[in-house]
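One structure below.
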Amino acid sequence: MLAQDRAAAGAQMPLLAHLNPEQRAAVTLPAGHALILAGAGSGKTRVLTTRIAWLLQTGQAAPGEILAVTFTNKAAKEMLTRLSAMLPISVRGMWIGTFHGLCNRMLRAHHKLVGLPQTFQILDAQDQLSAVKRLLKAHQVDEEHHPPRQVAWFINGCKEEGLRPDAVPAPNDETRQRVELYRLYEAQCQREGVVDFAELLLRSYELLRDHAPVRAHYQRRFAHILVDEFQDTNRLQYLWLKQLAGDVVDGQFTPRGSVMAVGDDDQSIYAFRGARVGNMQDFVREFAVGQQIKLEENYRSCSNILDSANALIAHNSRRLGKNLRTARGPGEPVRIHEAESDLMEARWLVDEIRQLAADGMARQHIAVLYRSNAQSRALESQLFNAGVPYRVYGGLRFFERAEIKHALAYLRLLENPHDDTSFARVVNFPPRGIGARTLEVLQDAARAAGCSLWDAVSSVGGSAGTKLGGFVALVEVMRERSSGQSLRAIIEQVVEGSGLAGHYRQDKEGEDRLDNLKELVSAAESFVMQEGFGRDAVALPVDETAALTQSPVSQGVDPDAPMGGPQLDAAAGETLSPLVAFLTHAALEAGDNQAQAGQDAVQLMTVHASKGLEFDAVFICGLEEGLFPHENAMADQGGLEEERRLMYVAITRARKRLYLSHAQVRMLHGQTRYNMASRFFDELPEGALKHLTPQRRSAGSFATDYRAYSERQSRVSGGFDLDYSSLGSAGLPARKEAPAHGITQGAQVFHTKFGEGRVLAIEGQGEDARAQVAFTRHGTKWLALAIAKLTLVE
DNA sequence: CGATAGGATTTTTTT
DNA sequence: AATCCTATCG
């Protein structure tokens with residue numbers, strides 16, 4: 001049967017009734033590998049969930065044969081929710097979750113094979129950084145030369161490429177040293193029984209790669225694999241998928257099973273953290289994908305908005321090619337506003353928002369998007385002053401708060417005292433007179449003996465009388481008191497017993513923190529209620545195996561045993577304690593990163609955070625050269641294209657109304673900056689736009705009309721101490737002389753020592769004038785124009 | 001040992 | 001401007 005016929009036949013099914021032909025074709029594809037190019041707002045999640053439902057309903061798959069992978073817990077939950085609304089049957093048995101969640105599950109099940117304790121703890125980014133710092137200190141590595149952040153970044157980068165230290169190419173000394181640190185870091189983690197995020201994936205990949213029976217089992221089991229947001233996968237995630245859906249023999253890959261990858265290359269905005277859009281092309285080639293379906297019908301935006309998005313993204317090369325269309329009318333034009341300053345931009349925005357609200361638009365359907373978090377402050381203060389309720393996304397999440405991390409560290413120590421990260425975190429918190437000196441001695445002892453800090457206590461004379469000994473005794477007492485207790489009782493007991501509660505009661509500003517600690521108890525309570533210790537599909541660390549297998553099989557895989565069978569899935573019989581399950585949950589799902597669950601509040605967030613959301617009205621602020629596109633993104637090839645995709649994502653969030661704004665003057669990092677309008681303005685179709693302020697030149701037209709820009713630049717520079725509010729948008733102040741040096745923002749310049757570069761920003765005047773120049777070969781530098789010999793290049 | 005002052009350091013971020 | 005980290009002082 002041809003795809004069309006099948007789709008037509010399927011139209012009878014209520015499940016498929018509300019799908020358009022493209023969507024229906026995707027949902028009803030025959031088994032085999034497929035790539036679905038799903039444009040923004042084209043019903044991607046709907047297709048994914050309906051596909052699963054359809055597979056089950058037509059009897060092509062049993063729930064246990066389905067694996068669906070997402071990036072965020074939110075997406076996984078969303079899928080599960082929609083699915084259970086669609087299906088009468090239980091979703092139990094399906095593996096639906098994040099890459100990390102699923103890998104965690106596999107590792108718990110096969111912990112012995114991969115050489116981990118079943119109760120291994122997971123390091124989040126913070127934990128990892130402090131682990132690296134400890135490592136550097138222990139090995140007396142110069143932090144100037146190897147900044148902890150960069151070392152961590154290097155290690156994660158290697159892991160995400162699927163490389164262990166031995167396999168990392170090290171062309172120079174610098175890299176060789178980092179590889180050595182990577183090696184030491186691994187040893188440290190292994191000794192402590194902890195695993196970072198990237199390690200979850202890498203170990204899980206190696207488990208599949210190196211243990212044929214396990215691989216065969218999961219390959220058989222997951223006859224249908226679905227991957228969401230495929231454009232965001234990194235190399236390791238792709239390798240992991242290949243293990244699950246094919247065999248690699250002598251470097252030759254033979255696909256098997258059925259993988260449906262859903263993604264949108266135009267919405268790839270995470271290349272900066274290792275995402276590889278190229279995986280889409282590789283997937284098509286290596287899996288010999290026969291079926292590619294494009295979902296180009298957009299159900300979200302009016303055509304002026306969509307046309308703008310299409311026109312913008314058309315400026316990118318290397319696209320798979322896709323054009324969104326909508327059946328909705330043109331709608332309103334895209335409104336463009338130029339403000340004198342960031343402050344005026346915020347004021348204008350507040351006025352506009354009030355107007356929208358007065359016209360009946362719900363505030364929660366209005367979003368204000370910006371490129372970087374630093375921009376939110378100015379916006380917030382204006383909204384606050386005007387009394388407009390708002391809600392900011394981003395920032396610390398619940399399980400990342402210091403007091404919560406402290407409490408979790410104590411809990412982790414109960415479970416595994418050799419977790420040095422946790423030990424170091426709370427050994428002197430609340431303060432109990434154990435200082436840096438003592439710790440240093442302890443750390444040296446631990447390193448010399450090759451043991452954990454915990455075990456080293458006795459060797460530095462940490463008997464019961466000493467402060468260190470007291471700490472050890474305290475933890476041991478808490479552990480004893482915890483045995484046999486409910487999770488709630490354990491946490492309450494630890495919060496009190498550790499002295500955390502007492503400490504924050506003393507602190508006059510500790511009230512919020514105390515509340516959060518109480519909240520931790522409720523979080524644990526509801527975790528126990530909802531997840532039944534994680535036996536549920538999303539958050540569950542250990543899978544359904546406990547339910548599947550009655551007989552206590554203590555180890556996951558016996559290579560000689562017949563392949564398949566549920567016992568391969570997990571170490572049944574070994575149920576995780578509620579505490580370990582909860583700690584895992586805390587690490588893998590750090591909680592909401594949105595502020596107070598506001599009633600009817602305007603939503604503020606970065607463009608990145610807005611991905612996947614939609615709003616009636618969207619404001620995109622700070623559309624200036626250097627900010628959006630961000631100057632730091634321009635350093636490498638492809639940086640501008642990623643910025644453009646980011647802009648594309650931002651535009652396509654809007655349903656009915658879209659505002660784009662920029663400011664001439666902006667305070668950034670405590671400095672006044674004069675920015676040109678973003679080049680993205682020049683990439684939008686004039687017919688879809690409406691300029692709310694008199695039009696001026698933006699960056700893109702700069703090269704062709706240097707004089708006009710130079711006039712403007714000098715004009716703005718002249719307004720240094722002006723009250724911006726007095727600068728009406730129509731009334732231009734008197735023109736001032738152009739700077740004598742002739743160097744302007746955006747100009748191509750030459751320096752005798754650094755070579756060619758582009759001027760990113762200029763500040764100050766006369767003798768004090770300085771320019772920030774991005775040199776092609778020597779990075780970005782600030783140069784005093786009176787001193788540096790810069791010449792203009794045509 | 002702990003508090004405080006100075007200094008660097010600021011894209012985006014999930015797990 | 002604001003925050004986070006380090007070095008120094010009491």
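Sequence lines set the chain letters: A, B, ... in the order given, protein chains first and strands last, and positions in each chain run from 1. Everything numeric in this text was worked out from a predicted model, so none of it was measured.
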TODO: May I ask you to say whether A:Lys44 pairs ionically with A:Glu229, meaning some side-chain N is under 4.0 Å from a carboxylate O?
DONE: yes
Heavy atoms only, 4.0 Å cut-off, all strands: where does [X] land among base, sugar-phosphate and nothing?
X: A:Phe99; answer: nothing
X: A:Ala198; answer: nothing
X: A:Asp196; answer: nothing

Give the nucleotide from the list [options] with an atom nearest to the side chain of [X].
X: A:Glu143; options: C:dT6, C:dA2, B:dT10; result: C:dT6
X: A:Asn632; options: B:dT12, B:dT11, C:dA2; result: B:dT11
X: A:Arg273; options: C:dA2, B:dT12, B:dT14; result: B:dT14
X: A:Phe272; options: B:dG2, B:dT12, C:dA2; result: B:dT12
X: A:Pro431; options: B:dT15, B:dG2, B:dT11; result: B:dG2
X: A:Glu400; options: B:dT12, B:dT15, B:dG2; result: B:dT15
X: A:Ser372; options: C:dA1, B:dT15, B:dT12; result: B:dT12
X: A:Arg437; options: B:dC1, C:dT3, B:dT12; result: B:dC1
X: A:Thr98; options: C:dC5, B:dT11, B:dT15; result: B:dT15
X: A:Asn428; options: B:dT12, B:dG2, B:dT15; result: B:dG2

Round to the nearest Å and state the distance from [X] atom [atom1] to [N] atom [atom2].
X: A:Asn156; N: B:dT13; atom1: CG; atom2: C1'; result: 12 Å
X: A:Tyr370; N: B:dT11; atom1: OH; atom2: C1'; result: 13 Å
X: A:Glu631; N: B:dT12; atom1: CD; atom2: C1'; result: 14 Å
X: A:Met634; N: B:dT12; atom1: CE; atom2: P; result: 17 Å
X: A:Arg673; N: B:dT10; atom1: CZ; atom2: C1'; result: 12 Å
X: A:Glu380; N: C:dA1; atom1: CD; atom2: P; result: 17 Å
X: A:Met667; N: C:dA2; atom1: CE; atom2: C1'; result: 12 Å
X: A:Glu624; N: B:dT11; atom1: CD; atom2: C1'; result: 15 Å

Open item on the list: Taking 5.5 Å and 30° as the limits, would you call A:Phe197 and the base of B:dT14 a stacked pair?
Closed with: no
Open item on the list: Quick check, does A:His630 stack with B:dT11? I mean ring centres under 5.5 Å and planes off by under 30°.
Closed with: yes
- [ ] Please check if atom CZ in A:Arg149 has more than 12 non-hydrogen atoms from other residues, nucleotides or ligands closer than 6.0 Å.
- [x] no
Open item on the list: If you count heavy atoms of other groups shown closer than 6.0 angstrom to NZ of A:Lys405, is the number above 12?
Closed with: yes
TODO: Using ring-ring contact (aromatic ring centres under 6.0 Å, His included) as the criterion, point out the one residue from A:Phe680, A:Phe619, A:Phe681, A:Tyr370 that pairs with A:His662.
DONE: A:Phe681
TODO: Would you confirm whether A:Asp419, through its side chain, and A:Arg412, through its main-chain N or O, come within 3.5 Å as a donor-acceptor pair?
DONE: no
Task: Pairwise P distance for B:dT13 and C:dC4, with rounding to whole Å - done: 16 Å
Report yes if a side-chain nitrogen or oxygen of [X] is closer than 4.0 Å to either non-bridging phosphate oxygen (OP1 or OP2) of [N]; otherwise report no.
X: A:Thr606; N: B:dT13; result: yes
X: A:Asn373; N: B:dT12; result: yes
X: A:Arg397; N: B:dT14; result: yes

TODO: Map A:Ala590 and A:Leu646 onto DNA chain B by nearest heavy atom, then report which one ends up closer to the 5' terminus.
DONE: A:Leu646
Task: Whichever of A:Ala587 and A:Thr438 has its nearest DNA chain B nucleotide further upstream toward 5' - done: A:Thr438
Task: Any side-chain donor near an acceptor of the partner, A:Gln128 and A:Asp196, under 3.5 Å - done: yes
Open item on the list: If you apply the rule side-chain hydrogen bond (donor to acceptor under 3.5 Å, both in side chains), what do you find for A:Asn516 with A:Arg513, and how did you get there?
Closed with: CA-CA 5 Å; A:Asn516 283 332; A:Arg513 295 179 186 271; over 6 Å; no
